[in-house]
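This report refers to the structure that appears directly beneath it.
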Amino acid sequence: MIEEKDLSPEIVDRLGEYIRLNGGLAVLEHLCNDSLVSQNTMAMEALSDLKLLHSYLEIFGVADKVTFDLGLARGLDYYTGVIYEAVLLRGPEEPHNVPDNDTDKIAGFGSIAAGGRYDDLVGMFDSKGRKVPCVGISIGIERILSMAERKAEESFKNIRTTETQVLVASAQPHYLEERMRLITALWSSGIKAEMLHKKNPKLLSQLQYCEKTGIPLVAIIGEQELRDGVVKLRDVTTREEVNIPREDLIKEIQKRTS
């Protein structure tokens with residue numbers, strides 16, 4: 001950086017301090033309180049986005065599996081926002097969380113997927129130059145399959161595909177986080193669930209998605225359901241709907257899809 005970019009040693013040393021930062025929410029808070037970073041509007045907007053991402057990770061219960069690493073870089077220059085990599089740890093004995101300033105823990109099998117946000121790339125190929133916000137990821141299929149085969153051989157289990165049992169939906173807008181909380185509870189209980197990734201999808205669109213993909217059940221939540229402590233469970237085929245107490249939802253889904 002000193003020889004090729006003609007930067008002073010003092011600037012390079014300061015950049016090095018930032019690049020070495022990695023960890024969880026504490027890193028974001030540290031940067032927000034940094035006297036230099038706090039003066040940069042774009043940097044503060046990026047940190048705000050990362051804090052929002054972290055709040056969603058906490059709802060999904062996976063915040064301990066994600067570390068923010070300022071030394072992470074991608075080789076292409078069309079990224080306009082967050083970039084990310086998924087890494088496979090050395091083995092099942094390794095902890096999922098990566099402590100602050102401990103990148104050796106992720107040195108096992110390396111990256112198996114990587115990508116980021118690119119808001120301008122698609123628009124380059126549009127005749128009207130329209131901006132199309134996008135996020136994407138590339139997956140190392142061969143490496144993943146190799147590790148999956150090894151894991152299957154070690155555990156003497158066959159690899160098989162699965163089908164979604166229930167779609168988590170909402171009848172009104174502004175229930176994204178409640179859908180995230182419910183789907184996390186279903187995943188934790190071994191239920192194969194998914195939800196549409198739009199922030200405020202229309203209920204009809206969600207029901208049509210189930211019909212198109214063959215998902216048999218829809219778990220619907222809204223203002224009344226939250227107030228009553230129930231989830232409205234809909235049979236996609238018969239269109240029958242019944243309110244199920246939240247604590248009984250797992251057993252009801254298992255009974256209907258077994």
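Starting from 1, each residue takes its place in the sequence as its number. Just so we're clear, the structure is a prediction, and the values are computed from it rather than from any experiment. All values below were derived from every heavy atom in this structure, side-chain atoms included, with hydrogens, water molecules and symmetry-related copies excluded.
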Can you tell me if Arg20 uses its side chain to pair, donor with acceptor, with the backbone of Leu15 under 3.5 Å?
no
Going only through I, L, V, M, F, W and Y residues with side-chain contacts under 4.5 Å, is there a path from Tyr79 to Ile19?
no
Is the closest side-chain heavy-atom distance between Leu88 and Met147 below 4.5 Å?
yes
Nearest heavy-atom neighbours spanning Ser170 and Gln206
O-NE2, 2.9 Å
Within the distance-only criterion (no hydrogens, no angle test), does the side chain of Arg179 pair as donor or acceptor with the backbone N or O of Leu196 below 3.5 angstrom?
yes
Hey, what do you get for CG (Asn40) to CG (Leu31), rounding to the nearest 0.5 Å?
11.5 Å
Any chance you could lay out the side-chain contact (heavy atoms from CB on, under 4.5 Å) test for Asn243 and Val231, step after step, and finish with the verdict?
CA-CA 6 Å; Asn243 288 333; Val231 175; over 6 Å; no
Using side-chain heavy atoms (C-beta onward) and a distance below 4.5 Å, is Ile144 in contact with Ile139?
yes
For Ser38 and Ser35, which heavy atoms make the closest approach, and how far apart are they?
OG-O, 3.2 Å
When you measure from the side chain of Gln165 to the backbone N and O of Pro216, does any donor-acceptor pair fall under 3.5 Å?
no
Should we say atom CG of Asp77 is surrounded by more than 12 heavy atoms from elsewhere, each under 6.0 Å from it?
no
Any sub-3.5 Å donor-acceptor pair from Asn200's side-chain atoms to His174's backbone N or O?
yes
Indicate if Met195 and Val166 have the same hydrophobic cluster label, given that clusters are the connected sets of ILVMFWY residues with side-chain heavy-atom separations under 4.5 angstrom.
yes
Please report the interatomic distance CG(Leu207) to NZ(Lys212), rounded to the nearest 0.5 Å.
14.5 Å
Are any of the side-chain heavy atoms of Glu252 and Val242 separated by less than 4.5 Å?
no
Least distance between heavy atoms, Val218 atom then Ala169 atom
CG1-CB, 3.7 Å
Non-hydrogen atoms of Ala63 and Glu58 that approach each other most closely:
CB-CG, 3.8 Å
Interatomic distance, Glu240 atom CD to Asp235 atom CG [nearest 0.5 angstrom]
6.5 Å
Is there a path of hydrophobic side-chain contacts, each under 4.5 Å between heavy atoms, that joins Ile191 and Ile221?
yes
Verify, without hydrogens or angle tests, whether Glu225 (side chain) and Gly222 (backbone) share a donor-acceptor contact under 3.5 angstrom.
yes
Is Val168 linked to Ile244 within one hydrophobic cluster, defined over Ile, Leu, Val, Met, Phe, Trp and Tyr using a side-chain heavy-atom separation of less than 4.5 Å?
yes
Excluding Leu204, membership of its hydrophobic cluster (Ile, Leu, Val, Met, Phe, Trp, Tyr; side-chain heavy atoms within less than 4.5 Å) reads none
Taking atom CD of Glu247 as the centre, does the number of heavy atoms from other residues, nucleotides or ligands within less than 6.0 Å exceed 12?
yes
Backbone N/O of Leu25 and side chain of Glu29: donor-acceptor pair under 3.5 Å:
no
Minimum heavy-atom distance between Cys210 and Val236, given as atom pair plus value
CB-CG2, 3.8 Å
Please check if atom CD in Glu223 has more than 12 non-hydrogen atoms from other residues, nucleotides or ligands closer than 6.0 Å.
no
Answer yes or no: is there a side-chain heavy-atom contact under 4.5 Å between Cys32 and Lys51?
yes
With a 4.5 Å cut-off on side-chain heavy atoms, are Glu178 and Leu182 touching?
no
Measure the shortest side-chain to side-chain distance between Leu70 and Val27 over non-hydrogen atoms and say whether it is less than 4.5 angstrom.
yes
The test is side-chain contact (heavy atoms from CB on, under 4.5 Å); show your working for Tyr84 and Val66 and say whether it passes.
CA-CA 10 Å; Tyr84 38 77; Val66 176; over 6 Å; no
Do you know the tightest heavy-atom contact between Tyr78 and Tyr118?
O-CB, 3.3 Å
Would you say Thr164's side chain and Lys192's backbone share a donor-acceptor pair under 3.5 angstrom?
no
Going by heavy atoms in the side chains, are Glu241 and Leu233 under 4.5 Å from each other?
no
Do side-chain atoms of Thr184 reach the backbone of Gly61 as a donor and acceptor pair under 3.5 angstrom?
no
For a side-chain contact (heavy atoms from CB on, under 4.5 Å) check, start with the C-alpha distance between Leu249 and Val230, then their side-chain angles and the critical distance, and finish with the verdict.
CA-CA 8 Å; Leu249 181 63; Val230 301; over 6 Å; no
Can you tell me how far CE of Met44 sits from CG of Asp49, rounded to the nearest 0.5 angstrom?
11.5 Å
Heavy-atom neighbours of Arg239 CZ exceed 12 at 6.0 Å:
no
Cluster overlap Leu186 with Leu167, hydrophobic side-chain contacts below 4.5 Å
no
Thr257 side-chain N/O to Ile253 backbone N/O, donor-acceptor pair under 3.5 Å
yes
Suppose we screen for side chain to side chain contact (heavy atoms under 4.5 Å, CB included). Which residues come up paired with Asp34, at least two apart in sequence or across chains?
Arg14, Tyr18, Leu36, Val37
Consider only side-chain N and O atoms of Glu194 and Tyr209, and report whether a donor and an acceptor are under 3.5 Å apart.
yes
Tell me, with the steps shown, if Leu52 and Ser55 meet side-chain contact (heavy atoms from CB on, under 4.5 Å).
CA-CA 5 Å; Leu52 178 62; Ser55 70; 3.8 Å; yes
Spatial distance of atom CG (Leu7) from atom CD1 (Ile2) [nearest 0.5 Å]:
8.0 Å
Is Arg117 salt-bridged to Asp119, going by a charged N under 4.0 Å from an acidic O?
yes
Applying the side-chain contact (heavy atoms from CB on, under 4.5 Å) test to Leu28, which of Asn33, Leu50, Leu21 qualifies?
Leu50
Specify whether Phe68 and His54 have parallel, tilted or perpendicular ring planes, treating 30° as the upper limit for parallel and 60° as the lower limit for perpendicular.
tilted
